[in-house]
Number of protein chains: 2
Amino acid sequence: MGANLPVNAQRLWADVMALAEITDPGEPYTRRAFTARFLEGRAFLARRFAEAGLLARIDPAGNLIGRRPGQTPGKGVILIGSHSDTVPGGGRFDGVAGVAAALEIARALSEQGLTLDHDLEVIDCLAEEANVYGVSCVGSRGLTGGLTPEMLAYSEPGGETVGQALARMGGDPQAIGEARRTDIAAFVELHIEQGRVLESERLDIGVVRSIVGILRVELLIEGRADHAGTTPMTLRADALCGAAAAILATRGKAEALAAAGEGYFAATIGVIEIAPNAANVVPASARLVIDARAERSETMERFSAWAEAELPRLVADAGTRLARMTILSDSRHAAADPGLCAIIAQAADSLGLSWREMASGAGHDAAMLSCIAPMAMIFTPCRDGRSHCAEEWTEPGQLAAGAAVMLETVLRIDRRSDE
Amino acid sequence: MGANLPVNAQRLWADVMALAEITDPGEPYTRRAFTARFLEGRAFLARRFAEAGLLARIDPAGNLIGRRPGQTPGKGVILIGSHSDTVPGGGRFDGVAGVAAALEIARALSEQGLTLDHDLEVIDCLAEEANVYGVSCVGSRGLTGGLTPEMLAYSEPGGETVGQALARMGGDPQAIGEARRTDIAAFVELHIEQGRVLESERLDIGVVRSIVGILRVELLIEGRADHAGTTPMTLRADALCGAAAAILATRGKAEALAAAGEGYFAATIGVIEIAPNAANVVPASARLVIDARAERSETMERFSAWAEAELPRLVADAGTRLARMTILSDSRHAAADPGLCAIIAQAADSLGLSWREMASGAGHDAAMLSCIAPMAMIFTPCRDGRSHCAEEWTEPGQLAAGAAVMLETVLRIDRRSDE
């Protein structure tokens with residue numbers, strides 16, 4: 001596949017593998033935001049940006065940006081890229097694939113002697129992953145003007161604030177407002193899918209039509225601690241039975257909403273803690289965390305309304321009590337620009353690559369960017385859906401196919417603006 | 001109630017409260033077996049035994065035994081008592097109530113100028129509660145000859161063996177075989193119910209017809225860790241959903257077996273641990289522990305057969321796999337002697353006290369003794385079923401009523417033997 005593509009698959013792959021080598025040795029592949037290791041990765045990228053003829057800078061929000069000026073002033077910027085930080089023990093592709101693909105596109109354009117009408121900027125957004133400072137997507141928030149003074153004052157356990165850490169990365173917390181962009185004509189981010197949909201359907205490309213909203217709700221179910229031997233079944237208030245009823249009902253509701261065909265929906269109970277958690281004591285309490293993800297806010301609202309109405313009843317039917325139901329976080333979904341999605345699909349078709357529209361179940365810098373610019377994402381398949389782990393994998397050809405679609409997409413965006 | 005009883009309710013209560021004062025100050029009411037605090041309690045009891053005219057000794061299994069010789073040699077021993085060790089932070093009555101009641105009976109007999117035909121022995125069995133050495137019911141096992149060399153070699157984390165600890169308590173591990181008794185005509189143990197049956201039915205006395213067998217089974221359910229956002233509902237193997245199905249089915253089966261009227265039955269899942277237990281990851285595995293208690297071995301066998309046949313299927317229906325089902329422990333039920341149960345019931349009737357037959361859902365020294373002698377237990381109510389905690393409580397009048405039934409029972413056993 002790679003041989004016929006308008007990008008250099010080997011060169012792209014070599015960049016991803018070179019970044020993978022820049023890792024905390026004990027826990028590959030780890031390059032946490034705000035660390036010395038992260039700056040090592042950044043130094044590598046800055047060299048590569050320079051070699052590609054990009055004019056590199058760090059903006060006040062700590063983003064590394066490489067600029068390739070266009071022919072026609074005032075047409076706005078086509079911004080492409082992702083992030084180079086990783087989760088602890090995380091994979092080689094999450095984020096990096098999108099940064100390396102964007103860099104490769106700049107190189108391919110130069111090799112082909114093409115200059116766009118638009119300015120092209122390649123971006124490595126700062127600190128996309130959750131981190132010890134308590135704020136993710138630091139760089140992309142900065143691009144939207146959303147990095148508030150409160151967020152800059154968040155601190156890690158050692159006491160360093162986000163603002164101080166940002167300054168260490170070459171950002172400028174005092175001038176953070178200047179990071180805000182109003183000149184972005186389009187933002188396109190390539191990313192591995194982090195799921196198994198493309199792999200299971202043997203498709204080359206995912207055209208992301210939206211990034212889900214994420215609702216996290218904590219349930220506290222109260223029963224009564226009783227001796228497991230001496231308390232007859234009829235006299236029990238077993239919090240784990242109340243929890244089990246909530247778990248199965250939530251699963252059933254999520255399956256129904258996902259099957260309803262009204263956009264992507266998933267809900268997971270990934271956390272359970274019971275007390276006292278002893279074999280000879282009837283569980284007194286159970287704590288659950290629901291993670292619900294919806295492509296459409298209507299679907300999320302239906303799920304929330306169901307949970308509020310039904311879960312207390314179901315838990316009570318089990319002889320226990322839903323003592324608390326707390327929203328831990330609630331981020332809105334982000335819609336991709338339909339025009340950009342259509343261009344990505346046409347680009348894939350033009351290259352003979354198979355594709356489908358899909359929702360992103362995970363959050364991305366692109367969700368932030370959707371506040372200030374038309375946004376779209378290109379997903380590449382990943383093996384067995386594994387992500388945020390050392391086994392995270394996408395084939396060189398799959399990655400090159402994604403980059404080729406991205407290059408073609410950039411060219412079509414640039415031309416579309418001419419019309 | 002207490003004023004008309006043939007025991008001194010105030011004196012009995014004072015002994016229980018005096019033992020409660022002998023506690024680790026930071027964590028009342030705690031007097032763990034094999035500790036200096038426990039020996040303090042033992043010293044108090046030994047003084048009281050002496051004041052009651054009992055001939056006190058420590059047998060090779062570390063039991064404190066106070067003897068009141070009978071008139072007719074060779075009739076055997078009526079053994080009464082319980083244990084004076086506690087769980088950490090445990091209550092004032094579990095065990096102690098039975099030792100103090102037995103002591104009070106010896107005193108009441110003396111005050112009333114009665115000498116039995118049988119020898120009467122008041123016993124404080126060593127180390128009934130689970131402990132860091134890994135063997136419970138140390139003293140009562142010794143009485144049955146069941147304290148094996150392997151058990152004596154068990155050691156606590158610091159390295160001291162059960163045998164060494166036993167020697168510190170005044171026992172003699174070298175002569176452990178001599179602790180074995182063949183002369184017990186009857187063993188009667190008074191104990192708080194540790195449940196809420198008597199309280200909820202407003203009854204004075206529980207006549208324990210059997211002590212349940214206890215089966216502990218560990219279930220390991222395997223699913224697959226997937227991203228909670230990017231994995232569609234149809235592509236999941238959620239171990240927590242498999243666990244929830246097992247929890248509800250076990251509850252349902254236990255309710256059915258308990259309601260079938262074929263003896264007491266209860267089953268509890270008191271332990272659940274899932275991995276990775278993170279909000280954004282579909283649970284990969286779940287560990288559950290089932291605690292099943294049955295008065296009749298047939299009922300336990302029906303439950304086991306159901307679990308082996310149905311749980312793998314139910315867990316598989318949830319898209320997961322029951323990878324392991326391990327028996328952690330399996331102790332047989334112990335039947336009380338029907339003749340002794342009838343005597344206890346008659347004794348309660350003769351005192352105008354209400355009673356019911358019931359199973360003990362918890363283990364007791366009496367279960368051990370059932371191997372070598374006719375055994376029975378007398379339960380007294382306890383507040384709100386609370387036990388193994390500082391709130392454990394029985395009213396002075398309830399305890400005295402139990403002791404009075406025990407005295408009357410001892411007198412009737414003694415007379416019955418004359419017939």
Side-chain angles (χ1 to χ4, degrees), chain A residues 193-197 200 212 214 216 225-236 238 240-241 243-248 251 254-255 257-259 264-274 276-283 286 289-291 293 318 328 360-363 385-388, chain B residues 193-197 200 212 214 216 225-236 238 240-241 243-248 251 254-255 257-259 264-274 276-283 286 289-291 293 318 328 360-363 385 387-389:
Chain A
E193 181 198 337
Q194 303 182 275
R196 56 185 82 224
V197 172
S200 65
V212 294
I214 307 179
R216 291 255 172 91
D226 278 315
H227 193 297
T230 60
T231 312
M233 300 305 297
T234 49
L235 295 180
R236 296 176 173 217
D238 185 330
L240 183 56
C241 289
I247 290 161
L248 293 182
R251 168 74 179 229
E255 285 174 337
L257 287 172
Y264 183 81
F265 185 83
T268 308
I269 296 182
V271 170
I272 183 169
E273 278 141 15
I274 69 168
N277 205 33
N280 64 344
V281 184
V282 177
V289 177
I290 301 177
D291 174 299
R293 310 211 179 195
L328 300 177
S360 169
R386 302 296 298 276
S387 185
H388 283 192
Chain B
E193 181 197 338
Q194 302 182 277
R196 57 185 81 224
V197 172
S200 65
V212 293
I214 307 178
R216 291 254 172 91
D226 278 314
H227 193 297
T230 60
T231 313
M233 298 306 296
T234 50
L235 295 179
R236 297 177 172 215
D238 185 330
L240 184 56
C241 290
I247 291 162
L248 292 182
R251 169 71 181 232
E255 286 174 336
L257 287 171
Y264 184 80
F265 184 84
T268 309
I269 296 182
V271 170
I272 183 169
E273 279 140 16
I274 69 168
N277 205 35
N280 64 344
V281 185
V282 177
V289 178
I290 301 178
D291 173 300
R293 311 212 179 194
L328 300 179
S360 169
S387 185
H388 284 192
C389 59

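Throughout, a chain's letter reflects where its sequence line sits, starting with A, and its residues are numbered from 1.
Ranked by heavy-atom pairs under 4.5 Å with chain A, the first of B:I247, B:V212, B:V197 is B:I247. Considering only heavy-atom pairs separated by less than 4.5 Å from chain A, the leading option among B:A244, B:A286, B:A225 is B:A244. In terms of heavy-atom pairs under 4.5 angstrom with chain B, the leader among A:T231, A:I214, A:L328, A:I290 is A:T231. Annotation: maximal heavy-atom pairing with chain B below 4.5 Å, among A:P276, A:S360, A:A243, A:P232, occurs at A:P232. Taking chain B as the reference chain and counting heavy-atom pairs below 4.5 Å, the highest number among A:A258, A:A278, A:G195 is found for A:A278.
Within the structure, every pair that satisfies the salt bridge (Lys or Arg N to Asp or Glu O under 4.0 Å) test and touches residues 264-273 of chain B, not counting sequence neighbours, is listed here: B:E273-B:R287.
Minimum heavy-atom separation, B:R293 to A:N280: NH2-CB, 3.6 Å.
With sequence neighbours left out, A:R386 forms a side-chain contact (heavy atoms from CB on, under 4.5 Å) with A:D384, A:C389, A:E391.
For B:V289, the part lying under 4.5 angstrom from a heavy atom of chain A is the side chain only. Proximity to chain A is limited to the backbone of B:A267, based on heavy atoms less than 4.5 angstrom apart. With a threshold of 4.5 angstrom between heavy atoms, B:A362 approaches chain A through its backbone and through its side chain. With a threshold of 4.5 angstrom between heavy atoms, B:D226 approaches chain A through side-chain atoms but not through N, CA, C or O. Of the atoms belonging to B:R216, it is side-chain heavy atoms, and not backbone ones, that fall under 4.5 Å from chain A. For chain B, the nearby part of A:S200 is the side chain; its heavy atoms alone come within less than 4.5 Å. Interface residue B:Y264: only side-chain heavy atoms are found under 4.5 Å from chain A.
Taken to the nearest 0.5 Å, the CZ atom of A:R196 stands 12.5 Å off from the NE2 atom of B:H227. Once rounded to the nearest 0.5 Å, the distance linking CG of A:D238 with CG of B:L248 reads 9.5 Å.
Taking the side chain as every heavy atom from C-beta outward, A:I269 and B:P283 never approach each other to under 4.5 Å. The shortest side-chain heavy-atom distance between B:H388 and A:V281 does not fall under the 4.5 Å cut-off.
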